[in-house]
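A short write-up of the structure that comes next.
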Amino acid sequence: MQPATDSSPGPLDDVLAARLRAVRVRVRSAALAAGRDPAQVAILLATKTVPATTVRRVLALPEAAGMLRGENRVQELVAKGPELAGVDVPTHLIGPLQSNKVNAALRWAGCVESVDSPGLARRLSERVPPGRSLEVMVQVNVSGEATKHGVPPAEALALAVEVAGLPGLRLTGLMTVGAPSDDEEVVGAGYAELAALRDELVAGGAPGTGAARELSMGMSGDLEVAVAHGATIVRVGTAVFGPRPAPPITGTA
Ligand SMILES: *Cc1c(COP(=O)(O)O)cnc(C)c1O
């Protein structure tokens with residue numbers, strides 16, 4: 001698949017529109033196969049490394065109606081923010097947030113999907129301007145990989161209950177990045193675990209958890225598995241924008 005970042009008008013829009021349609025077809029088929037209503041699964045466009053001009057164009061396509069946008073790096077969220085001013089599409093932060101970047105996240109994101117510590121949650125809560133509320137999700141590390149962000153499943157409910165009780169925050173659900181495996185059973189087990197945690201959270205009835213129904217899980221390679229296990233938001237990058245350039249070698253990471 002060729003990267004869809006060409007700046008000439010016309011063909012790029014056609015390519016992007018076709019890929020958006022293809023993703024919708026995949027989500028729809030997976031939902032119907034699972035006996036679910038396709039309207040219950042939102043598509044979030046993961047726009048990391050995609051230039052703001054391309055993001056603006058894709059979001060203006062009729063095929064993108066109702067979709068969300070996600071950035072996984074705060075730096076990119078901030079850099080593209082001004083260029084996307086006036087684009088009326090909910091923006092989620094889907095990557096790690098350090099406490100010293102909380103104000104940037106609050107300025108440019110309507111939802112932080114990556115809350116994975118009480119400290120971060122409290123910091124967000126303290127900084128939310130009066131009269132506003134920030135949507136948040138608790139990120140859970142269902143694959144157990146040390147390199148993944150997110151709280152361990154055993155700590156997820158306690159954190160979610162704490163987050164749900166903080167002023168200024170509205171807990172909308174749970175998020176995970178699936179196991180990097182081609183084995184659908186392995187990936188599916190992680191997604192099933194996230195769904196079970198969500199069910200337990202909502203059934204627990206703690207204050208502020210009643211609306212925490214979202215399950216943000218599944219990416220370009222495994223969205224069918226995620227939808228089969230109840231995903232309500234799938235996060236898609238490559239399937240729409242093509243392969244991403246390799247990250248620069250900095251020698252510090
Ligand atoms: C990049 C990214 C995605 C999208 O991944 P693709 O495989 O390109 O669809 C989803 N979620 C997160 C957290 C990401 O960083």
Side-chain angles (χ1 to χ4, degrees), residues 1-5 15-16 18-27 30 41-52 54-55 58-59 63-64 67-80 89-98 101 105 108-116 120 135-143 145 147-151 172-184 186-188 190-191 194 214-227 229 231-248 253:
M1 196 189 293
Q2 290 302 305
T5 49
V15 169
L16 291 170
R19 290 179 182 171
L20 291 174
R21 284 193 293 271
V23 168
R24 272 198 205 278
V25 167
R26 286 177 62 191
V27 168
V41 188
I43 297 168
L44 177 149
L45 298 174
T47 52
K48 61 170 167 273
T49 77
V50 179
T54 307
V55 177
V58 77
L59 294 175
E63 285 83 357
M67 293 187 182
L68 315 169
R69 175 172 85 96
E71 290 290 347
N72 78 316
R73 291 177 67 229
V74 178
Q75 213 178 312
E76 270 190 73
L77 179 75
V78 171
K80 292 177 207 173
V89 170
T91 298
H92 291 198
L93 178 66
I94 59 174
L97 177 59
Q98 286 162 347
K101 303 262 176 68
W108 298 113
C111 176
V112 174
E113 295 197 11
S114 46
V115 173
D116 64 357
L120 174 59
E135 289 186 6
V136 290
M137 304 179 79
V138 165
Q139 181 173 357
V140 185
N141 181 356
V142 295
S143 73
E145 279 178 289
T147 54
K148 288 265 162 68
H149 297 276
V151 276
T172 58
L174 305 178
M175 177 271 211
T176 197
V177 175
S181 166
D182 291 334
D183 186 338
E184 283 194 12
V186 172
V187 178
Y191 291 156
L194 197 74
E214 305 286 348
L215 289 173
S216 175
M217 57 190 197
M219 314 199 290
S220 294
D222 64 4
L223 68 86
E224 285 84 358
V225 182
V227 169
H229 286 92
T232 65
I233 301 175
V234 292
R235 307 179 307 267
V236 176
T238 316
V240 172
F241 302 108
R244 286 179 287 274

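Indexing begins at 1, ligand by ligand and atom by atom, following the structure's order.
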- Query: Any ion pair linking Glu71 and Arg73 (charged N to carboxylate O, less than 4.0 Å)?
  - Reply: no

Tell me: protein heavy atom nearest [atom], and distance?
atom                    : answer
atom 9 (O) of ligand 1  : Ser220 OG, 2.5 Å
atom 10 (C) of ligand 1 : Met219 SD, 3.1 Å
atom 14 (C) of ligand 1 : Lys48 NZ, 2.8 Å
atom 12 (C) of ligand 1 : Ile94 CD1, 3.6 Å

- Residues in side-chain hydrogen bond (donor to acceptor under 3.5 Å, both in side chains) contact with Ser143, at least two apart in sequence or another chain: Asn141, Glu145

- Looking only at atom types and distance, does a side-chain atom of Glu63 sit under 3.5 Å from a main-chain N or O of Ala18, one as donor and one as acceptor? no

- Side chain Thr176, main chain Met217, donor-acceptor under 3.5 Å: no

- Query: Between Thr238 and ligand 1, which residue portion shows a heavy-atom distance shorter than 4.0 Å: side chain, backbone, both, or neither?
  - Reply: both

- Message: Is it the case that ligand 1 has an N or O less than 3.5 angstrom from some N or O of Ala46?
- Response: no

- Task: Would you check whether Glu113 reaches within less than 4.0 Å of ligand 1, judged by its heavy atoms?
- Result: no

- side-chain contact (heavy atoms from CB on, under 4.5 Å) with Val74: which residues, sequence neighbours excluded? Val78, Leu93, Leu97, Lys101, Ala104

Can you name the atoms of ligand 1, numbered from 1 with element, that are less than 4.0 Å from a heavy atom of [X]?
X      : answer
Val236 : 9 (O)
Asn72  : 15 (O)
Arg235 : 4 (C), 9 (O), 10 (C), 11 (N), 12 (C), 13 (C)

- Query: Please walk me through it: do Glu113 and Ser216 pass side-chain hydrogen bond (donor to acceptor under 3.5 Å, both in side chains)?
  - Reply: CA-CA 8 Å; Glu113 295 197 11; Ser216 175; 2.7 Å; yes

- Atom CZ of Arg69 and atom NZ of Lys80: how far apart are they, to the nearest 0.5 Å? 6.5 Å

